[in-house]
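Shown below is the structure under consideration.
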Protein chains: 4
Amino acid sequence: MESTGPQGNPDRPHTGRRRNEATHQAILDAALRLLGESGGANITIDAIARAAGVGKQTVYRWWPSKGAVLLEALTERSLREVPMPDSGSLRDDLLAVVESTFLSTQRNPTGPALRSLVREAARDPHLAELLRTFTAQRRTAVRELLARGLKRGDLPAGADLDLMVDQFYGVFWYRFLLGHAPLDKQSAERLTDSILRAE
Amino acid sequence: MESTGPQGNPDRPHTGRRRNEATHQAILDAALRLLGESGGANITIDAIARAAGVGKQTVYRWWPSKGAVLLEALTERSLREVPMPDSGSLRDDLLAVVESTFLSTQRNPTGPALRSLVREAARDPHLAELLRTFTAQRRTAVRELLARGLKRGDLPAGADLDLMVDQFYGVFWYRFLLGHAPLDKQSAERLTDSILRAE
Amino acid sequence: MESTGPQGNPDRPHTGRRRNEATHQAILDAALRLLGESGGANITIDAIARAAGVGKQTVYRWWPSKGAVLLEALTERSLREVPMPDSGSLRDDLLAVVESTFLSTQRNPTGPALRSLVREAARDPHLAELLRTFTAQRRTAVRELLARGLKRGDLPAGADLDLMVDQFYGVFWYRFLLGHAPLDKQSAERLTDSILRAE
Amino acid sequence: MESTGPQGNPDRPHTGRRRNEATHQAILDAALRLLGESGGANITIDAIARAAGVGKQTVYRWWPSKGAVLLEALTERSLREVPMPDSGSLRDDLLAVVESTFLSTQRNPTGPALRSLVREAARDPHLAELLRTFTAQRRTAVRELLARGLKRGDLPAGADLDLMVDQFYGVFWYRFLLGHAPLDKQSAERLTDSILRAE
DNA sequence: ATTTAATCGAGACGGTACGTCATGTCTTCGG
DNA sequence: CCGAAGACATGACGTACCGTCTCGATTAAAT
């Protein structure tokens, strides 16, 4: 999720000019802005570099692929917004996650940017892998939320937590990417109750 | 879903050489083969044409976009395999659909080809639209299956059929594309029961 | 000296769209214009293509290197102007060649273009080879001019024709590229007489 | 021709570390080695710095351009070898210069290095100017050699000394750079006699 | 049988983006 | 201050595909 540029030889402290953090941020800012603005259009490295007032090489130096830039841009800024609550009530916790996940896509630039990100991942194996890691983290977090509920007895003993997690994220992504059904408060509530009722 | 080439002037019966069906099939064959073989690599129109021993223009003459070729190739061959049964038992019907959908991805070249198709759809708006239509048809079919169950009283009156459909296809695509969980008989059964229990 | 694009299989007459001659000429025109205008600045393939209203690939399709374009542009247009006369008088013939060679560099865009060409040849081995061939042809032509004089008895029997040729072209290029001495009518006459007197 | 780095404030004796002569030499050595070894390939500042075990900035601190390094490298080592004799015999003197000039190109790394130098000069205006100055010095030296002969009456009164000089260096560079004729003892003698005979 | 027109394989064309390379300037740190 | 290491903005490079277009040859219905 983080830019992973050149690693100096650990034996030698470091030599040469250090990474310019302002440049780093300018690139992420530009990437996020373009992700949000691009109405489906492709985002080119050239465009990011130009928008950031940066040379292309500087982008390539620090990120292995265009997708890695986009993903870091998104996670740094927009995807922090999903909390992982622990209120004591399973339904409240799950609903909070589902609802904030659903509603985060309504905001700019998160929604369009996320869509662009998935589009990029489709042709960038590197980004695909990063995205896989990112979603796995989310699944794990929700699974733990459910596990707490199971421990408290809010779920039947044999509940298939993985399936519950996938029902949440499956419906989310399916609807988000196809856009055939809304991702609003009401549908969040319905989905939450459906998942809890199923087990 | 079908190739929709030039339409002659309806006032005039027809003149000129007719479409070569062998060529048509050769293109679809080549497209499907490449879809299945491409381990993530991009599929170019050039490559399809060359593999089919055909000029690029011949492809463009009959399909509006690369994606249309790929989608027709897939639907002609591989995606026929999902039945829409009507046995009288809601669970049996739904399970049959879920199971055949899950298992169809285990076969070659359906699985890899479907993955490639989605990848292509991510950057081809035309194909994305076709894929949206295709998935809508599937959703409608499954919804009708559920509606029959509702009518028979196998589901509670207020059941949210659309959500049930999306839980099925959401989980399916989510797992299919990320590959973090199996799509086998057992998971089909669990998903089916979970969906039916939820309402 | 000529663009040597793809050669079709000689067994097969030809297939596919033919080379667009207008495009061909547009590229040569643009190249010559840029050669003449560039006051020492580098000429890029991009610039030639843009000036010709042509895609870069079209340039690369027909010429193996940037230099080949430039050389063909020059030879097609400017370097034709040096005649190889045969008047019966050795001095008249040689003087005509020396003078027209000297004066051709005073014209636009020949002079600047020729200088740019040599500059490009210094870093483009391909062009260097082409230039070597071009100069060899010129040397051969002048050598034959001198050989005719030798046959007529206008030169002593043991005259070193190759040295005479090199004295001409050596002085020409040396002065042309360094620019420390003029290349005018008077210096042409002096050089001619000096060469003839030497043998 | 000499490295002309920062000039300390003359009011103050000197402060800080002095220029490291070993580094200076290492850069010149590396430059000369690369000049000789590069079979036509470009020489980059990076390459010189790396070969000398030196930072790029150290090179830029002491020389205004890549060409200046190369020229200093060559003049420090290889180009000293051409003497400007004064034996009293015009032919002997001129022959000595011509011969030593010709033969110096047979040695390593002088020949290849000189060729590389000219190649670099073609795209480095700075080096081109330095080279112009260098060649002008050579021309002046030879011209003075000839002027002595003229004074002694070894040449006719109206002899065009500049032309004679250019015939020497013109033939030399022309043959050296094109490589179509040898630069050996015999051709040195022929050229010398031809030049002297011409006036 | 001739005309007419659409098909076919082949491939040239104007574009856009790619990822790499070299340039010359700048910054950082240890000596 | 000096020297190494290396980040930085710039801009050209040659390649890959895109979707359109043009070619000559082929094929088949309409005349």
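On a predicted model such as this, the values are computed, not experimentally measured, just so you know. Scope of the values below: all heavy atoms of this structure, side chains included, with no hydrogens, waters or symmetry mates.
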Partners of D:Glu129 by side chain to side chain donor-acceptor pair (under 3.5 Å), sequence neighbours excluded? D:Arg132
Which of these, A:Leu34, A:Ile48, A:Leu32, sits in a side-chain contact (heavy atoms from CB on, under 4.5 Å) with A:Leu70? A:Ile48
Hey, what are the protein-to-nucleotides 11-14 of chain F N/O distances that come in under 3.5 Å?
unit_1 : atom_1 : unit_2  : atom_2 : d
F:dC13 : OP1    : C:Lys66 : NZ     : 3.1
F:dC13 : OP2    : C:Ile45 : N      : 3.1
F:dG14 : OP2    : C:Tyr60 : OH     : 2.6
F:dG14 : O5'    : C:Tyr60 : OH     : 3.4
F:dG14 : N7     : C:Lys56 : NZ     : 2.9
F:dG14 : O6     : C:Lys56 : NZ     : 2.7

Let me know the distance between CZ of C:Arg61 and P of F:dT22, rounded to the nearest Å. 15 Å
B:Ile48 CD1 to F:dC18 C1', in whole Å, measures 13 Å
Can you tell me if the side-chain N/O atoms of B:Trp62 get under 4.0 Å from OP1 or OP2 in E:dC8? yes
Tell me the interatomic distance from A:Arg19, atom CZ, to F:dG6, atom C1', rounded to whole angstroms. 14 Å
Rounded to the nearest angstrom, tell me the gap between atom CH2 in B:Trp63 and atom P in F:dG19. 15 Å
Side chain to side chain contact (heavy atoms under 4.5 Å, CB included) with D:Ala52: which residues, sequence neighbours excluded? D:Ala26, D:Ile27, D:Ala30, D:Val54
Residue closer to the 5' end of DNA chain E, A:Arg17 versus B:Ala52 (nearest nucleotide): B:Ala52
Between B:Thr58 and E:dG9, is there a side-chain N or O to OP1/OP2 distance below 4.0 Å? yes
Interatomic distance, A:His24 NE2 vs F:dA9 P [rounded to whole Å]: 13 Å
Residues in side chain to side chain donor-acceptor pair (under 3.5 Å) with A:Asp29, at least two apart? A:Arg77
Inter- and intrachain pairs under side-chain hydrogen bond (donor to acceptor under 3.5 Å, both in side chains), touching residues 49-59 of chain D, at least two apart: none
Contacts of B:Asp46 that satisfy side chain to side chain donor-acceptor pair (under 3.5 Å) - sequence neighbours left out: none
Nearest-nucleotide 5' precedence on DNA chain F, C:Arg18 against D:Thr23: D:Thr23
